Amino acid sequence: MSDGHSLIELGETIACLTKRLQQACDDEGISSPSVNDVNAASRKSLLETDASAAFELAQALRELEVLAQSPRLSLGILALATLDASILGVIAEFQIASLVPLNGSISYGELSQKTGLDEGRLVRVIRYAVVNFIFREEPVGHVRHTYLSAHLARSPNFNIFVQTVSHVFSLTNAALPLAFRRWPNTAVQTETAHNVAQQTELSFYRWMDANPSMRDMFHKGMVGVSQEGQRLQDVDIRAYPWDKLPENATVVDIGGGWGHVVKDLAELFPSYIFIVQDLQCVVDTAQAMWKEDAARTDKITNVSFQAHNYFDRQPVEGADVYYMRHTVHSNPDKEAIALLSAIVPAMKPGARILVSEYLAPGEEDVASFAKLDFKPMRQMDIMALALCNSGERTKEEYARLFLEASPKLVLKNTYQVPDDPTSCMFEAVYEE
Ligand SMILES: C[S@@+](CC[C@H](N)C(=O)[O-])C[C@H]1O[C@@H](n2cnc3c(N)ncnc32)[C@H](O)[C@@H]1O
């Protein structure tokens, strides 16, 4: 049993890690960041300079923050943390970050004119955000950027991700306690926090079918999160040895959304054939989006889209890879096994199912449970629970799912990159 760290131990750890990070910055000729340093947001971050020191430092600081505040204050702040998300949502909704000059300030009056939000409201929103180091007020009545707000200003995709969270997910996340009260023990996809929040009897994806504006926002958000958000598609591209596939390999991206991952892969591997499958309504929009991006997509000739419900038998026979990213985790075990089983009849011996998701640590890795770097994985796990009664899985749980879909489907490999230890590609091979 551990007693946790003492105040002094934490202080010393923090001092030591801070010096180590400063040294790493000095070695690379990067100047030390500060929260008001707008340009630091476009330089290499501490996380990119020395990931393990940066994570350990943030972890120790969090622990110290809990000790420095009383339980009443710490828990009180947590109980109202939905407001953090909601204020960030307002900032993204009204594109406030892009209206504040990167090297200067803007008055509340001008910002009010540009956003259409009344000045009183705006002042309160910004002053809330300032507590989280998003914007600063200097001089009084004038808004300037910080390290964090400058990132929002420079990253339109991140803004879209935040907007998606506030439009599609936040209500649902907040309804979790009520849903647990109503259905304390269920794996049914129509007995979720989403059903409580949206007052619907439709499962999440069926509800989106019926709400095109929510669906488009969701898919825009998938592109945003994959390109500049919490879990990057670049991780999948770097982690898996795509270049080892046969020269004319066929890769099917099942539940591939608007084809944003395949767009990158197709450019890297022009001799492969890529097929993006999704629900009809999603494929229709995806194709329209590809046309809008003609400057890039016109040069890509090895990608096609196909409407396909992944619970139906897989129509592409004999592909080399059946790839699914952020798709299996939206399904409780029964549905996950059904969707994997639907691929099996189309598979040739040696073909792979490649599942890309967060890797949930097993009980043998109890030390990781309180780690800050696992928080995005925990957030995604609880969001999948709130939306679909599903969640993230351990390696053993994926191995079992594959075997239940077919005894010939064996989890052979997992692929990861060192800078994102919570993301994983699970490769199951169809054996003869
Ligand atoms: C979380 S998104 C992931 C999109 C993309 N793979 C990515 O990583 O950004 C899940 C995808 O599964 C699709 N989907 C949901 N139910 C489906 C079904 N029954 N058949 C086919 N696709 C489905 C959704 O439309 C959505 O594009």
Side-chain angles (χ1 to χ4, degrees), residues 157 160-161 164-165 168-169 172 189-190 192 194 202-212 214-237 239-240 251-265 274-287 289-290 303 305-316 321-332 334-343 353-358 376 379-381 383-392 420 423-426:
N157 272 327
I160 288 168
F161 159 61
T164 304
V165 170
V168 189
F169 303 127
T172 291
Q189 287 191 301
T190 49
T192 65
H194 152 76
L202 298 174
S203 66
F204 177 60
Y205 284 108
R206 285 197 179 278
W207 173 79
M208 282 209 295
D209 263 2
N211 284 283
M214 281 293 179
R215 185 174 69 231
D216 286 352
M217 177 53 81
F218 173 82
H219 285 281
K220 249 194 227 173
M222 285 303 104
V223 181
V225 74
S226 304
Q227 293 183 343
E228 289 173 24
Q230 299 285 74
R231 190 167 176 272
L232 302 176
Q233 62 192 55
D234 165 67
V235 165
D236 282 24
I237 293 171
Y240 190 70
V251 177
V252 187
D253 184 0
I254 305 170
W258 287 359
H260 42 285
V261 185
V262 154
K263 201 183 277 182
D264 285 353
L265 282 171
F274 293 93
I275 300 156
V276 182
Q277 295 179 336
D278 213 297
L279 298 167
Q280 181 72 60
C281 52
V282 179
V283 164
D284 291 344
T285 320
Q287 286 177 310
M289 298 308 293
W290 271 55
V303 175
F305 286 87
Q306 184 176 47
H308 169 60
N309 179 337
Y310 56 46
F311 293 115
D312 296 339
R313 190 188 192 281
Q314 173 55 238
V316 181
V321 176
Y322 298 90
Y323 167 59
M324 279 177 285
R325 177 173 183 271
H326 289 174
T327 298
V328 180
H329 79 164
S330 315
N331 288 277
K334 183 168 144 258
E335 287 78 5
I337 293 166
L339 81 87
L340 292 170
S341 306
I343 306 170
I353 294 182
L354 196 56
V355 169
S356 166
E357 301 287 3
Y358 279 114
Q379 288 175 320
M380 186 69 96
D381 180 53
M383 271 166 53
L385 180 62
L387 288 171
C388 306
N389 268 333
S390 58
E392 304 305 325
D420 185 358
S423 276
C424 190
M425 319 256 301
F426 302 87

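Whatever order the structure lists them in is the order used to number ligands and atoms, beginning at 1. Because the structure is a prediction, the values reported are computed rather than measured.
If you number the atoms of ligand 1 from 1 as listed, the ones under 4.0 Å from a heavy atom of Met222 come out as 1 (C), 2 (S), 9 (O). Under a 4.0 Å criterion applied to the non-hydrogen atoms of Gly257, ligand 1 contributes the atoms 27 (O). The atoms of ligand 1 that sit less than 4.0 Å from any heavy atom of Val282 are 25 (O). Per-residue contacts place His308 under 4.0 angstrom from the following atoms of ligand 1 (heavy atoms of the residue considered): 20 (N), 21 (C).
Only the side chain of Phe218 comes within 4.0 Å of ligand 1, judged by heavy-atom distances. When non-hydrogen atoms are compared, ligand 1 lies under 4.0 Å from the backbone of Asn309 as well as from its side chain. Residue Met208 does not touch ligand 1, judged by heavy-atom distances below 4.0 Å. Residue contacts with ligand 1 for Tyr310 involve both N, CA, C or O and side-chain atoms from C-beta outward (heavy atoms, distance under 4.0 Å).
A distance-only check finds a donor-acceptor pair linking the side chain of Asp381 to the backbone of Glu392 [under 3.5 Å]. The backbone N or O of Leu202 sits less than 3.5 Å from a side-chain atom of His194, completing a donor-acceptor pair.
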Do Lys263 and Val303 pass the side-chain contact (heavy atoms from CB on, under 4.5 Å) test, and can you show the C-alpha distance, the side-chain angles, and the key distance before you say yes or no?
CA-CA 8 Å; Lys263 201 183 277 182; Val303 175; over 6 Å; no
Show the numbers, then the answer: is there a side-chain hydrogen bond (donor to acceptor under 3.5 Å, both in side chains) between Arg325 and Ser226?
CA-CA 10 Å; Arg325 177 173 183 271; Ser226 304; 2.9 Å; yes
Take Gln189 and Asn331 through the side-chain contact (heavy atoms from CB on, under 4.5 Å) test and state the conclusion after the steps.
CA-CA 8 Å; Gln189 287 191 301; Asn331 288 277; 4.1 Å; yes
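Considering only non-hydrogen protein atoms, atom 18 (C) of ligand 1 sits nearest to Leu279 CD2, 3.5 Å. The shortest contact between atom 10 (C) of ligand 1 and any protein heavy atom is with Tyr205 OH, 3.2 Å. Ranking the protein heavy atoms by distance from atom 8 (O) of ligand 1 puts Arg325 NH1, 2.7 Å first. With respect to atom 11 (C) of ligand 1, the closest heavy atom belonging to the protein is Gly255 O, 3.5 Å.
Within the 4.0 Å heavy-atom cutoff, Met324 does not count among the residues contacting ligand 1. A heavy-atom separation below 4.0 Å is not found between Trp258 and ligand 1. A heavy-atom separation below 4.0 Å is found between Ser226 and ligand 1. At a 4.0 Å cut-off, not a single heavy atom of Gln233 sits close enough to ligand 1 to count as contact. Heavy atoms of His329 stay at 4.0 angstrom or farther from ligand 1.
If you check each of Asp209, Asp278, Val262 against atom 25 (O) of ligand 1, the one with the closest non-hydrogen atom is Asp278. Among His260, Arg231, His326, the residue whose heavy atom sits closest to atom 9 (O) of ligand 1 is His260.
Annotation: the span from Thr190 atom OG1 to Arg206 atom CZ amounts to 10.5 Å, rounded to 0.5 Å.
Ring orientation note: the planes of Phe218 and Phe204 are nearly perpendicular, at an angle over 60° on the 30°/60° scale.
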